[in-house]
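In each ligand, atom 1 is the first atom listed, and ligand 1 is the first ligand listed. Source: prediction; values computed, not measured. The first residue in the sequence is number 1, and the count goes up from there.
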Amino acid sequence: MERFDEIKPALRPDEALMEANRCLMCYDAPCQRACPTHIDVPGFIKKISSDNLRGSARTILDANILGGSCARVCPTEVLCEGACVLNDLHEKPIKIGQLQRYATDWLYAKGEMIFQPGPDQGKSVAVIGAGPSGIACAAELRRLGYRTTVFDAGAQPGGLNTYGVAQYKMKPDFALREIAWVEQLGINIRRSTVVGRDISLEQIEKDFAAVFLGVGLGEVPALGLPGEDLPGMMEAIDFIAKLKMDKESLYVPRRVVVIGGGNTAIDCVTQAIRLGADEVTLVYRRSAADMTAYEHEVSLAKLDGVTFVYEAVPVQVEGGSRVSGLTCQKVALGLPDDSGRRRPEPIPGSDFTLEAEMIIRATGQGPVQLLRSLPGIQTEGRRILVDAETFQTSNPQYFAGGDVISGGQEVVNAVAAGKQAAQSIHSFLSKAKELVHG
Ligand SMILES: Cc1cc2nc3c(=O)[nH]c(=O)nc-3n(C[C@H](O)[C@H](O)[C@H](O)COP(=O)(O)OP(=O)(O)OC[C@H]3O[C@@H](n4cnc5c(N)ncnc54)[C@H](O)[C@@H]3O)c2cc1C
Ligand code: SF4
């Protein structure tokens, strides 16, 4: 296996059949409830066991239009597979993600679009952001009969699903192929178009009856450390995007330090070591138990040979013409802060330096630029505030979903939010139509 091969390989037909036949086909299945897009899991698995792969893929994609990506990138251990009743019987849970991949890959290989646009509603909707939330919203709007244009800043669509998710879970070509499949519904994606720079929101408001904001989160803000502008310092999202889209231009040195304790930090250490770095160290300011990264991914990083330094904060980036190390200070964990976790308090005189030629900042994304200029829309920090059921913002023409409302979750949550927002946009525009026509 290559170091960047997908970690969960495709099942062979005999393996898929055997796995499908293990499913107990539970009534009111907990896996279906645990899936944010509520895919009828027993239903699609049953269709695999009766060799109805088209029907199986339809069941999946009807609920979740990015079912192929989710099959690869969902943290199934804490979602559907974590809820499988076989866990209670001390048996291995059904490989739901891999079965989902089996059925959807079958359909994508045919390239056939199995859904149709709904009857024309005579209205156009703008979607800002072609990440999972925007694509899911646009696809649902098309199925409901709206003309839909998606504006995206990126040269390629997909948002973090294309540029962010670790290479060993999914390659960008797959994410792009899946979007090309969705585009067959008649969605117009305007690539390399930054809303607020290349087209104004005022123009979009004039041209479209409603707007969905699926703009995600922004860059990882600087930490304000002395030496932080030295060459060799990198931002996590840039590091991962470069690795995925332009690997040749990414030089990974012998020693790498990653700052952070979430899933993005874990993706960075895992990928740095797979790129050939000899020593990769993760520095986290709280304890191991406080890390927000998934346990199974932390275990994978440890197996790969990553060193974890807990309860330490960076204080200075060392180096002359480029980065040569990171000086940190040990902390004592004090009283709980707003997050409920114990506040790290630096211990004077406890400084130590980790030698490194590259330091990656994975300390959480900040707000996107566009948040600063949204008309009459309430925001809080890096999030847009929405009604929890309708996803409508405080400006009725605007709806929002995905990371920009949650502050950062998973692809499957973004897909669920985008789809539900599209249904709310439909109700909103249908009511407006009723008012006009009496
Ligand atoms: C490093 C990393 C690894 C991850 N790994 C996983 C994983 O393994 N599994 C998983 O389920 N989730 C993972 N996630 C989370 C997942 O990628 C996100 O939850 C998901 O992509 C959010 O979708 P979204 O549509 O809300 O936003 P995004 O995917 O961020 O998409 C937002 C889009 O909006 C566009 N945009 C922003 N501003 C503008 C503007 N002004 N004009 C036009 N376009 C604009 C951007 O170009 C982008 O394409 C990961 C996240 C990161 C950061
Ligand atoms: S979309 Fe994700 S959480 Fe839902 S059933 Fe599929 S793999 Fe599980």
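Taking atom 44 (N) of ligand 1 as the reference point, the nearest protein heavy-atom neighbour is Ala153 N, 3.0 Å. Among protein heavy atoms, atom 19 (O) of ligand 1 sits closest to Asp403 OD1, 2.9 Å. Looking at atom 12 (N) of ligand 1, its nearest protein heavy atom turns out to be Glu410 OE1, 3.1 Å. For atom 27 (O) of ligand 1, the closest non-hydrogen atom of the protein is Gly216 CA, 3.5 Å. Nearest protein neighbour of atom 37 (C) of ligand 1, counting heavy atoms only, is Val215 O, 3.4 Å. Distance from atom 16 (C) of ligand 1 to its nearest protein heavy atom, with residue and atom name: Val411 CG2, 3.7 Å. At the shortest separation from atom 40 (C) of ligand 1 among protein heavy atoms lies Val195 N, 3.7 Å.
Every atom of ligand 1 is numbered from 1 in the order shown, and the set under 4.0 Å from a heavy atom of Val194 is 41 (N), 42 (N). With ligand atoms numbered from 1 in the order given, ligand 1 contributes 43 (C), 44 (N) to contacts under 4.0 Å with heavy atoms of Phe151. Ligand 1 places these atoms under 4.0 Å from at least one heavy atom of Ile240: 1 (C). Near Ile237, with a cut-off below 4.0 Å to any heavy atom, the atoms of ligand 1 are 53 (C). Close contacts of ligand 1 with Lys169, meaning ligand atoms under 4.0 Å from a residue heavy atom, involve 7 (C), 8 (O). Those atoms of ligand 1 with a heavy atom of Thr193 less than 4.0 angstrom away are 42 (N), 43 (C). Residue Gln409 approaches ligand 1 through these ligand atoms, each under 4.0 Å from one of its heavy atoms: 15 (C), 19 (O). Using a 4.0 Å cut-off to heavy atoms of Ala414, the atoms of ligand 1 that qualify are 22 (C), 23 (O).
Using a non-hydrogen distance threshold of 4.0 Å, Gly214 registers as a contact of ligand 1. Between Thr162 and ligand 1 there is no heavy-atom distance shorter than 4.0 Å.
A donor-acceptor pair under 3.5 Å is absent between the side-chain atoms of Ser56 and the main chain of Asn52, judged by distance alone. Between the side chain of Asn64 and the main chain of Ile60, no donor-acceptor pair closer than 3.5 Å is present. Under the 3.5 Å distance criterion, the side-chain polar atoms of Thr393 are matched with a main-chain donor or acceptor of Tyr398.
For atom 4 (C) of ligand 1, the candidate residues are Ile405, Asp267, Leu160; the nearest heavy-atom contact is made by Asp267. Here atom 21 (O) of ligand 1 lies nearest to Pro132 when heavy atoms of Pro132, Gly159, Gly129, Gly131 are compared.
Side-chain atoms of Asp267 and Thr270 form no donor-acceptor pair, as typed in the model, at a separation below 3.5 Å. For the residue pair Lys419/Thr37, the side-chain donor-acceptor check at 3.5 Å is not satisfied. Gln423 and Glu140 form a side-chain donor-acceptor contact under 3.5 Å, judged by distance and modelled atom types alone.
For ligand 1, one of its N or O atoms has an N or O atom of Asp152 under 3.5 Å away. In terms of polar-atom proximity, Gly402 is not counted as a contact of ligand 1, lacking any N or O under 3.5 Å from an N or O of the ligand. Polar contact check, Gln365 against ligand 1: no nitrogen or oxygen pair lies under 3.5 Å apart. The shortest N/O to N/O separation between Val73 and ligand 1 falls below 3.5 Å. Not one N or O of Val165 is nearer than 3.5 Å to an N or O of ligand 1, by distance alone. Backbone and side-chain nitrogen or oxygen atoms of Leu217 are examined, and none is located within less than 3.5 angstrom of a nitrogen or oxygen of ligand 1.
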Would you check, one step at a time, whether the test salt bridge (Lys or Arg N to Asp or Glu O under 4.0 Å) holds for Asp40 with Lys47?
CA-CA 11 Å; Asp40 173 5; Lys47 287 177 184 142; 5.8 Å; no

Could you walk me through whether Thr162 and Gln156 pass side-chain hydrogen bond (donor to acceptor under 3.5 Å, both in side chains), step by step?
CA-CA 8 Å; Thr162 302; Gln156 300 285 5; over 6 Å; no

Any chance you could lay out the salt bridge (Lys or Arg N to Asp or Glu O under 4.0 Å) test for Asp62 and Arg58, step after step, and finish with the verdict?
CA-CA 6 Å; Asp62 189 33; Arg58 174 179 277 278; 5.9 Å; no

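Contact check on Glu15 versus Lys95 returns no salt bridge, with no Lys/Arg side-chain nitrogen under 4.0 Å from an Asp/Glu carboxylate oxygen. At a threshold of 4.0 Å, the pair Lys171-Asp173 does not count as salt-bridged, since none of the basic side-chain nitrogens sits closer than that to a carboxylate oxygen. Taking the charged nitrogens against the carboxylate oxygens, Arg33 and Asp28 do have a contact shorter than 4.0 Å, which makes a salt bridge.
Other residues, nucleotides and ligands contribute at most 12 non-hydrogen atoms within 6.0 Å of the CD atom of Glu219. Around atom CD of Gln184, more than 12 heavy atoms belonging to other residues, nucleotides or ligands sit under 6.0 Å away.
The parts of Ser133 lying near ligand 1 are both backbone and side chain, judged by heavy-atom distances below 4.0 Å.
Below the 2.8 Å limit, atom 2 (Fe) of ligand 2 has as protein N, O or S neighbours Cys74 SG.
Between Cys26 and Pro30, the shortest heavy-atom contact is CB-CD, 4.4 Å.
The distance from the CG atom of Asn188 to the CZ atom of Arg142 is 10.0 Å, given to the nearest 0.5 Å.
Between Phe399 and the options Phe428, Phe391, Phe212, a ring-ring contact (aromatic ring centres under 6.0 Å, His included) holds for only Phe428. Residue Ile45 is tested with Met25, Gln100, Glu19, Arg22 for a side chain to side chain contact (heavy atoms under 4.5 Å, CB included); the sole match is Met25.
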